[in-house]
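Just so you know, these numbers use all the heavy atoms, side chains as well, and skip hydrogens, waters and symmetry mates.
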Amino acid sequence: TSLLSSSGVLSISIISLLGFEWGWQWGAKSDSMGTRSISNGSSLVLALLLALLMPPMVPWWILVVGSLLTVLFLELFGGLGQNIFHPVLASYAILLHFFGSTFTNGPWDINAIGVWIGGLILVLKRWIAWEIPVVCLASAWIGTALLNINLAGKIFSSGNIVLGAFFFATDPATSPMTKNGKVVFALLAGILIALFRTWGHDLESVVYALLIVNGFVERVEKKAVKS
């Protein structure tokens, strides 16, 4: 049943998010009725990331609401490549605030080995900058070791933290473009993850930490260019 549940989560996430994105663009009479964001795979990636954040056996309507919120956060901030906050993280934060008790029954994690493999492939293919995941994970480990040495060893084995470092923090629309900016951005993200996970769960710590640093990308970039 676990495999079937995971397949259902993925299927509903993909169908609902792609449907809402197409519907938004059709209603706005722009972007060739949503074909650009759908045909280039961006909407599919968002749907996959949303599914990865969800625990097995999550109610189907949570996925539908999450998909709608993801499209709204994407489009209301200017569309593909213009959004300030990562739309999936922003969507998950809203779901957690209003419906957390409905779909979260304690901490859960995804397979760290699979995430590591996927993340390393992204780096080796040069689809993402290595600075962000490396600095983010290193600073999260150092920060956690200073706050609670017992939790430090779990940084690299936490699928949620590794997922955040490789797949969410590296989003080109919500992270700096310069090398110095990437390092500062990742350093801040790692420190916040370390602070938040001292009192909370790994996934929530990653979500809130990255949303906060998303809001400082422009300022970090300006400081990086000056330096």
Side-chain angles (χ1 to χ4, degrees), residues 17 21 31 36-37 40-50 52-53 66 69-97 115 118-119 122-123 125-144 155 158 160-197 200 202-227:
L17 197 146
E21 176 62 16
D31 197 19
R36 181 171 65 91
S37 58
N40 68 9
S42 299
S43 295
L44 179 61
V45 170
L46 293 177
L48 293 173
L49 291 176
L50 178 64
L52 286 174
L53 293 184
L69 289 172
T70 298
V71 171
L72 290 177
F73 274 110
L74 175 66
E75 297 297 345
L76 291 177
F77 283 97
L80 186 65
Q82 304 298 318
N83 42 296
I84 300 172
F85 301 101
H86 195 294
V88 173
L89 296 179
S91 171
Y92 185 86
I94 296 296
L95 290 175
L96 191 64
H97 179 74
V115 179
L122 293 180
V123 172
K125 290 286 188 179
R126 296 186 178 181
W127 291 337
I128 64 172
W130 65 266
E131 292 90 348
I132 290 180
V134 169
V135 174
C136 181
L137 291 172
S139 57
W141 182 84
I142 294 173
T144 303
I155 288 290
S158 170
N160 288 325
I161 293 178
V162 178
L163 178 72
F166 279 100
F167 291 88
F168 283 100
T170 55
D171 175 53
T174 56
S175 62
M177 299 298 294
T178 63
K179 179 172 290 189
N180 288 343
K182 294 179 189 295
V183 171
V184 174
F185 172 86
L187 179 65
L188 293 175
I191 292 173
L192 288 176
I193 290 173
L195 287 172
F196 293 159
R197 76 186 296 262
D202 288 350
L203 181 53
E204 286 83 353
S205 301
V206 170
V207 170
Y208 293 128
L210 292 181
L211 283 175
I212 290 173
V213 293
N214 282 167
F216 287 92
V217 167
E218 185 176 354
R219 183 172 298 181
V220 168
E221 198 77 299
K222 288 181 180 179
K223 293 289 185 181
V225 171
K226 290 181 180 179
S227 61

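In this structure, L53 and F168 have side chains that are in contact, with non-hydrogen atoms separated by less than 4.5 Å. L192 places a side-chain heavy atom less than 4.5 Å from the side chain of V213. Using a 4.5 Å heavy-atom threshold, the side chains of K222 and V217 count as separate. Between N214 and N83, every side-chain heavy-atom pair lies at or beyond the 4.5 Å cut-off. No side-chain heavy atom of L74 sits under 4.5 Å from any side-chain heavy atom of T70. For the pair T170/S175, no side-chain contact is recorded, criterion being any heavy-atom separation below 4.5 Å from C-beta on. In this structure, the side chains of E204 and R197 stay at 4.5 Å or more apart for every pair of heavy atoms. Annotation: side chain of V206 is not in contact with side chain of F196 (no heavy-atom distance under 4.5 Å).
Contact between D171 and H86 at its shortest, heavy atoms only, is CB-CD2, 3.6 Å. Closest approach of L187 and V135 over heavy atoms only: N-CG1, 3.6 Å. Taking every heavy atom of both residues into account, E221 and G181 meet most closely at OE1-CA, 4.0 Å. The two residues L46 and P87 come nearest to each other via the heavy atoms CD2-CG, 4.0 Å. The shortest heavy-atom contact between A186 and S139 is O-OG, 3.6 Å. The minimum heavy-atom distance linking A189 with C136 is given by the pair CB-SG, 4.2 Å.
Of the inter-residue distances, the one linking L210 atom CG with I193 atom CD1 reads 5.5 Å to the nearest 0.5 angstrom. The distance from atom OG1 of T174 to atom CD1 of I84, rounded to the nearest 0.5 Å, is 10.5 Å. Note that the OH atom of Y92 and the CG atom of L96 stand 5.0 Å from one another [nearest 0.5 Å]. In this structure, the separation between CD1 on I161 and CG on L203 is 9.5 Å, given to the nearest 0.5 Å. How far CG of D202 is from OG of S158: 3.5 Å, rounded to the nearest 0.5 Å. For the atom pair L49 CG and S91 OG, the distance stands at 11.5 Å (nearest 0.5 Å).
Side-chain atoms of E131 do not come within 3.5 Å of backbone N or O of K179 as any donor-acceptor pair. Although no hydrogens or angles enter the test, the distance criterion places no donor-acceptor pair under 3.5 Å between the side chain of K182 and the main chain of I132. Proximity of a side-chain donor or acceptor of T144 to a complementary backbone N or O of A140 within less than 3.5 Å is detected.
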Residues V45, F167; criterion side-chain contact (heavy atoms from CB on, under 4.5 Å); working and verdict: CA-CA 10 Å; V45 170; F167 291 88; over 6 Å; no
